[in-house]
Amino acid sequence: MISSDPSIPDIAVVKNYLLDLQDRICAMLEAEEGVARFRTDEWNRNEGGGGRSRVLENGHILEKGGVLFSHVHISQMPASATAHRPELAGCKAQALGVSLVIHPRNPYAPTSHANVRLFVAEKEGQAPIWWFGGGFDLTPYYGFDEDCRHWHRTAHDLCLPFGDDVYAAYKKWCDEYFYLKHRHEPRGIGGLFYDDLYAWGSEKSFSFMRAVGDGFIAAYQPILARRKLQPYGERERDFQLYRRGRYVEFNLVHDRGTLFGLQSGGRTESILMSLPNLVSWRYDWAPEPGTPEALLYERYLKPRDWLA
């Protein structure tokens, strides 16, 4: 995998954008929260680089939210990376990005995940290898068609300036990636997922990363505002905690970012900030037919064209 653009992206410019994006996402979430505030934890790695983690716990609206910026240097690529990309063997690398997971308290407000990132690898005597990646996806516990349409319309519209087929390709990739193979079910209603983006060149690829990062705010804020105060009871809360178990399973079993972070010596607290504080599992349980809980499986946990 060699970039078609001989010039690598300007890392300082990308970093400044990412730090600003983290600030704007946290400001949006704090405005919706209204009470609690993010705590900031700045950290450094012995190997080089570091990050700025922002975490909010036990808020009025947000039970847990983490928005992480990291810029780390890697002296030796982990086996999980070189097994799929042998050209990275012997490279030194740096990775920078913003990743986030939001777990609202209200069961009617969906969990959401997003990340945008840049990876650059270099080895003496060969051209740099770089790519952008990221996306965002939505995990509702109780589905609403208007939320799904808004989420995917926002994703579609941000992709359109980059090509008529971009949304369809990256939606499909998202549906396939955020899939619990051992459960035979999607994690949520999807969104966008892309990786290895270099063929457009550094300028256009960076522009798309900015569109995705900015698009997350436009996609998620109206949904959170609409659902955060919807009345709910113990039944809805129990189902939310049960479904959060699926989220944990995916992140610990299937997610490539979690595996890469742990194998590359990343900061464990920041890597696992995506996990909710409260979660539950039940043995061999299924919702009763005709219930709102059953509707999640029947209508929302099935990849579909929400713009049709």
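- With ring centers used as reference points, Y194 lies under 6.0 Å from F208.
- The main-chain N or O of V98 is never found under 3.5 Å from a side-chain atom of Q22 such that the two would form a donor-acceptor pair.
- A ring-centre distance under 6.0 Å is not found for Y141 and F239.
- Y242 and W285 have perpendicular rings, their planes meeting at more than 60° on a 0 to 90° scale where under 30° would count as parallel.
- Looking at Y220 and D147, their side chains never bring a donor and an acceptor atom within 3.5 Å of each other.
- Annotation: cation-pi pair R210/F206 present, NZ/CZ under 6.0 Å from the ring centroid and within 45° of its normal.
- For R282, the CZ atom is densely surrounded, since the number of other residues' heavy atoms within 6.0 Å is greater than 12.
- A salt bridge links R244 with E63: at least one charged nitrogen is closer than 4.0 Å to a carboxylate oxygen.
- K172 and D165 are not joined by a salt bridge, as no carboxylate oxygen comes within less than 4.0 angstrom of a charged side-chain nitrogen.
- Of the charged side-chain nitrogens involved, none lies within less than 4.0 Å of a carboxylate oxygen, so that R243 and E293 do not count as a salt-bridged pair.
- The six-membered or imidazole ring of H71 lies near that of H73, with a centre-to-centre distance under 6.0 Å.
- Checking Y142 against N106 by side-chain atom types alone, no donor-acceptor pair falls below 3.5 Å.
- Inspection of the Y167 and H152 side chains reveals an N or O donor paired with an N or O acceptor under 3.5 Å.
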Q: Kindly determine whether D255 and Y177 satisfy side chain to side chain donor-acceptor pair (under 3.5 Å), including the steps that lead there.
A: CA-CA 9 Å; D255 187 67; Y177 180 77; 3.0 Å; yes
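- The aromatic ring centroids of Y247 and H103 lie less than 6.0 Å from each other.
- The pair K171-D305 does not count as a salt bridge, with every side-chain nitrogen at least 4.0 angstrom from each carboxylate oxygen.
- Side-chain heavy atoms closer than 4.5 Å link hydrophobic residues (I, L, V, M, F, W, Y) into clusters, and following such links, possibly through other members, connects Y232 to L62.
- Both the sub-6.0 Å distance and the 45° axial angle are satisfied by R304 relative to the ring of W306.
- Taking the centre of each ring, F162 and W200 come in below the 6.0 Å mark.
- One hydrophobic cluster, built from ILVMFWY side chains closer than 4.5 Å, cannot hold both L160 and M209; they sit in different ones.
- With respect to the salt-bridge test (charged N to carboxylate O, under 4.0 angstrom), the residues R227 and E236 do not qualify.
- Ring orientation note: the planes of F132 and W130 are nearly perpendicular, at an angle over 60° on the 30°/60° scale.
- The aromatic ring centres of Y198 and W131 sit 6.0 Å or more apart.
- Between F136 and W151, the angle of the ring planes goes over 60°, which puts this pair in the perpendicular group of the 30/60° scheme.
- Atom CD of E269 sits in a sparse spot, with 12 or fewer heavy atoms from other residues, nucleotides or ligands closer than 6.0 Å.
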